[in-house]
Colleague: 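Before we start, here is the structure in question, set down as structure tokens.
In what follows, every heavy atom counts, from backbone to side chain, and hydrogens, waters and symmetry copies are set aside.
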Amino acid sequence: MGQLDADNRFLRAAFEQAIKSYDEGGLPIGAVMVENGTIIAAGHNRRVQEGDPIAHGEIDCFRKAGRRPRYDGVTLYTTLSPCMMCSGTILQFGVKRVVVGENRNFLGNIDFLRSHGVDVCLVDDADCIALMKRFIQEHPELWDEDIAGRRSV
């Protein structure tokens, strides 16, 4: 299996996490962490479900991965471009590669990550774009709360 095929397969797994959050009434953002071709952790945004303002999809995925001596051998797949908090976590733990489903609904911090040496692959996935757009239209107040009023599109 080539890298593109693997990236698409693992991004699908992150998208399934986003759907899970959406079905729970939360923000549809999912993430998976992959090492040596295997998913080692999966998470999704739980801000609404747990009343936790920092329970973003990427953070939930890091929590599920648990303590590790190093993260530089993993790839993080996320359905939406990471916010500054999640980008800081990526840098803090030395993740070297991030695959992003989309940045049309939220620009996030791809350039920031790249400027710090992270290899970021932006897929521009139609399903990720459509799901987030649908959520924003259905729940603009939750989206506004999540991005603290900062519009990026």
Colleague: Would you indicate whether the side-chain heavy atoms of Met33 and Val74 approach each other to under 4.5 Å?
Modeller: yes
Colleague: Starting from the C-alpha separation in whole Å, work towards a yes-or-no answer on side-chain contact (heavy atoms from CB on, under 4.5 Å) for Val98 and Cys121.
Modeller: CA-CA 6 Å; Val98 177; Cys121 174; over 6 Å; no
Colleague: Name all pairs fulfilling the side chain to side chain donor-acceptor pair (under 3.5 Å) condition that reach into residues 131-140, sequence neighbours left out, sorted by first residue then second.
Modeller: Tyr22-Arg134, Tyr22-Glu138, Arg134-Glu138
Colleague: By side chain to side chain donor-acceptor pair (under 3.5 Å), which residues pair with Asp119, not counting sequence neighbours?
Modeller: none
Colleague: CG of Leu80 to CG of Asp125: how many Å apart, nearest 0.5 Å?
Modeller: 11.5 Å
Colleague: What distance separates Ile39 CD1 from Gln17 CD, expressed to the nearest 0.5 Å?
Modeller: 8.5 Å
Colleague: Counting N and O atoms only, with roles assigned by atom type, does the side chain of Asn109 sit under 3.5 Å from a partner on the main chain of Pro82, one being a donor and the other an acceptor?
Modeller: yes
Colleague: First locate atom CG of Asn45, then atom CD of Glu50, and finally report the distance between them rounded to the nearest 0.5 Å.
Modeller: 9.5 Å
Colleague: Charged N to carboxylate O below 4.0 Å: is that the case for Asp7 and Arg12?
Modeller: no
Colleague: Is there a side-chain contact between Pro28 and Met132 (heavy atoms, below 4.5 Å)?
Modeller: yes
Colleague: Would you say the side chain of Phe62 lies within less than 4.5 Å of the side chain of Val95, judging by non-hydrogen atoms?
Modeller: yes
Colleague: For the side chain of Arg47 and the backbone of Gly26, is there at least one donor-acceptor N/O pair under 3.5 Å apart?
Modeller: no
Colleague: His44 and Glu24: side-chain donor and acceptor closer than 3.5 Å?
Modeller: yes
Colleague: Any heavy-atom pair between the side chains of Phe135 and Asn105 that's under 4.5 Å?
Modeller: no
Colleague: Please list all pairs meeting ring-ring contact (aromatic ring centres under 6.0 Å, His included) that have one or both residues in residues 110-130, counting only residues at least two apart or in different chains.
Modeller: Phe112-His116
Colleague: Please list all pairs passing the salt bridge (Lys or Arg N to Asp or Glu O under 4.0 Å) test where one or both residues lie in residues 54-66, with sequence neighbours left out.
Modeller: Arg46-Asp60, Asp52-Arg63, Asp60-Lys64
Colleague: Holding to side chain to side chain donor-acceptor pair (under 3.5 Å), I want the full list of residues that pass it with Ser21, two or more places apart in sequence or in another chain.
Modeller: Gln49
Colleague: When clusters are formed from ILVMFWY side-chain contacts under 4.5 Å, directly or step by step, what else is grouped with Ile129?
Modeller: none
Colleague: Tell me the closest heavy-atom pair linking Ala31 and Gly57, and the distance in Å.
Modeller: CB-O, 3.8 Å
Colleague: Return the orientation label for the Phe10 and Tyr77 ring planes: parallel under 30°, perpendicular over 60°, tilted otherwise.
Modeller: tilted
Colleague: Taking only residues two or more places apart in sequence, or in another chain, which ones meet Lys20 in a side chain to side chain donor-acceptor pair (under 3.5 Å)?
Modeller: none
Colleague: Find the distance between SG (Cys83) and NE2 (His56) and round it off to the nearest 0.5 Å.
Modeller: 5.0 Å
Colleague: Which pairs with one or both residues in residues 76-92 pass salt bridge (Lys or Arg N to Asp or Glu O under 4.0 Å), sequence neighbours excluded?
Modeller: none
Colleague: Rounded at 0.5 Å granularity, tell me how far CE in Met84 sits from OG1 in Thr89.
Modeller: 11.5 Å
Colleague: What residue pairs, at least two apart or across chains, pass salt bridge (Lys or Arg N to Asp or Glu O under 4.0 Å) with a residue in residues 27-39?
Modeller: Glu35-Arg68
Colleague: For residues 69-86, which residue pairs qualify under salt bridge (Lys or Arg N to Asp or Glu O under 4.0 Å), counting only residues two or more places apart or in two chains?
Modeller: Arg70-Asp72
Colleague: Could you list the residues that satisfy side chain to side chain donor-acceptor pair (under 3.5 Å) with Asn8, not counting sequence neighbours?
Modeller: none
Colleague: Where the side chain of Thr79 meets the backbone of Gly30, is there a donor-acceptor pair that is under 3.5 Å apart?
Modeller: yes
Colleague: Applying the side chain to side chain contact (heavy atoms under 4.5 Å, CB included) criterion to Asn103, which one of Leu122, Val123, Val120 satisfies it?
Modeller: Leu122
Colleague: To which residues is Ile59 joined in a hydrophobic cluster, defined by side-chain heavy-atom contacts under 4.5 Å among Ile, Leu, Val, Met, Phe, Trp and Tyr, whether direct or through other members?
Modeller: Ile54, Met85
Colleague: Please find the pair of heavy atoms, one from Gly108 and one from Ser81, that lie closest to each other, and give the distance.
Modeller: CA-OG, 3.3 Å
